[in-house]
Amino acid sequence: MTLFTVGPVQMHASTLKIAGNQLPYFRDVDFSRVNQNIAQNIKSLLNAPESAGTVLLTASGTGAMEATVMNLFNESDNLLVINGGSFGNRFCEICAMHSIPYTSIQLQFGEVLTESHLTQHAGKNFTGLLVNIHETSTGQLYDIEMLADFCRRNHLLFVVDAISSFLADAFDFSKCNVDGVIISSQKALALSPGLSVVVLSERALRRVEKQERHSIYFDFNLYLKDIERGQTPFTPAVGILLEMDGRLCEIMKMGLEVIIKETAQRAFYFRKRIKSFPIQVYGFPLSNALTPILFDGNAKEVYQTLKEKYGLVLTPSGGSLADTVLRVGHLGALTHTDYDKLSEALAEICEVKQLCLL
Ligand SMILES: *Cc1c(COP(=O)(O)O)cnc(C)c1O
């Protein structure tokens, strides 16, 4: 099976090797060094300042999204949420669950987020903005500079879920005045799922300190205090931390630009190969992480055929997009040869069965 998914994705041989080892004990100086390396390398890859705080949280991305909202905001805030798909909607659900007032900017599938969506909400006493910079459910990559500028002008705390965009698209914590960024192990890092990292600005750290506590496991104060000595308050996903340390070292050696460029090249190569096919690629700004392709109501059938007959796994969609959209991932250990195989399989299915939209 070859995974053209967005997480878990095809893992690198070096990661698989680490994942096969006996786990070490973690409450000692050797493991503290691993955690400190991770925090340092992540900050460096995000271009976050030395003063930024790092939370190593054993939870999937949604756990980190919820924890970040709980630690930064409360009932006296008023948030703006970009809701262009199921991950934007998740931020709305989190705000509702924690009684945090919010307004969502609702986008239809295919609708591009523009300046005019934002300007209607300028000067309205909002205190923060939540965005999934790449809305993975549709493939749209939002304009981070536009959002950063809006937050700067309106004095909003800027929280970015970059889970499916980190290492696939350019990201600059300092330049965009980001206050909180969330990343996760199973997307472009191509590791096992279950570990997330949250990096916080000084302004965000001050908020965390003052926040009334409603949770023990998700109290960032504990994580921020412990990471100073390279530790976590509770038993972390020791194995995934080791996978992450190994992969980050490789990425630091290769250079961030090389990683992003390779992902962009895979996306470009695939998009070019399927240009003549009777399937549609959506027209909004796309992340390098994935290509959404549109079918005429038979997406589920195409998914199943590709998996069963060719051993190629695409990312199916949920909800209202389940019958029309499949997503082709470009993250992880994939090569142009893998995309040749996929393109040939798609061509066969489209031609032979006339499954696709003309
Ligand atoms: C994958 C992803 C998440 C995390 O989802 P989990 O299933 O909780 O790991 C969150 N936000 C975005 C944008 C994602 O792509």
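Please read these numbers as outputs of a predicted model, since none were measured by experiment. We count ligands from 1, going down the list as the structure has it; atoms in each ligand are counted the same way.
For M65, no nitrogen or oxygen atom sits less than 3.5 Å from a nitrogen or oxygen atom of ligand 1, counting backbone and side chain alike. Inclusion of T136 in the set of residues having an N or O under 3.5 Å from an N or O of ligand 1 is warranted. Looking at ligand 1, you'll find an N or O of S60 within less than 3.5 Å of one of its N or O atoms.
Ring pair Y217/Y223 is perpendicular by interplanar angle, where above 60° counts as perpendicular and below 30° as parallel.
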Practice item. Any chance you could lay out the side chain to side chain donor-acceptor pair (under 3.5 Å) test for H98 and E66, step after step, and finish with the verdict? Key: CA-CA 9 Å; H98 295 279; E66 183 166 23; 2.6 Å; yes
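Counting only N and O atoms by type, the side chains of E75 and S99 include no donor and acceptor under 3.5 Å apart.
Nearest non-hydrogen protein atom to atom 3 (C) of ligand 1 is F87 CE2, 3.4 Å. The nearest heavy-atom contact from the protein to atom 9 (O) of ligand 1 is Q186 NE2, 2.9 Å. Counting protein heavy atoms only, atom 14 (C) of ligand 1 is closest to K187 NZ, 2.9 Å.
For T62, heavy-atom contacts with ligand 1 shorter than 4.0 Å involve the backbone as well as the side chain. Residue H134 touches ligand 1 through its backbone alone, judged by heavy-atom distances below 4.0 Å.
Taking each of V6, V160, D161, I183 in turn, the one with a heavy atom nearest to atom 11 (N) of ligand 1 proves to be D161.
Just one residue in the list N154, L157, L79 forms a side-chain contact (heavy atoms from CB on, under 4.5 Å) with T127, and that residue is L79.
Looking at D179 and R206, no side-chain N of the basic residue comes within less than 4.0 Å of a carboxylate O on the acidic one, giving no salt bridge. Using a cutoff of 4.0 Å between basic side-chain nitrogens and carboxylate oxygens, E301 and K307 are not scored as salt-bridged.
Put simply, M70 and V197 are part of two different groups of oily side chains (I, L, V, M, F, W, Y) that touch within less than 4.5 Å, one to the next.
Not a single heavy atom of E135 sits under 4.0 Å from any atom of ligand 1.
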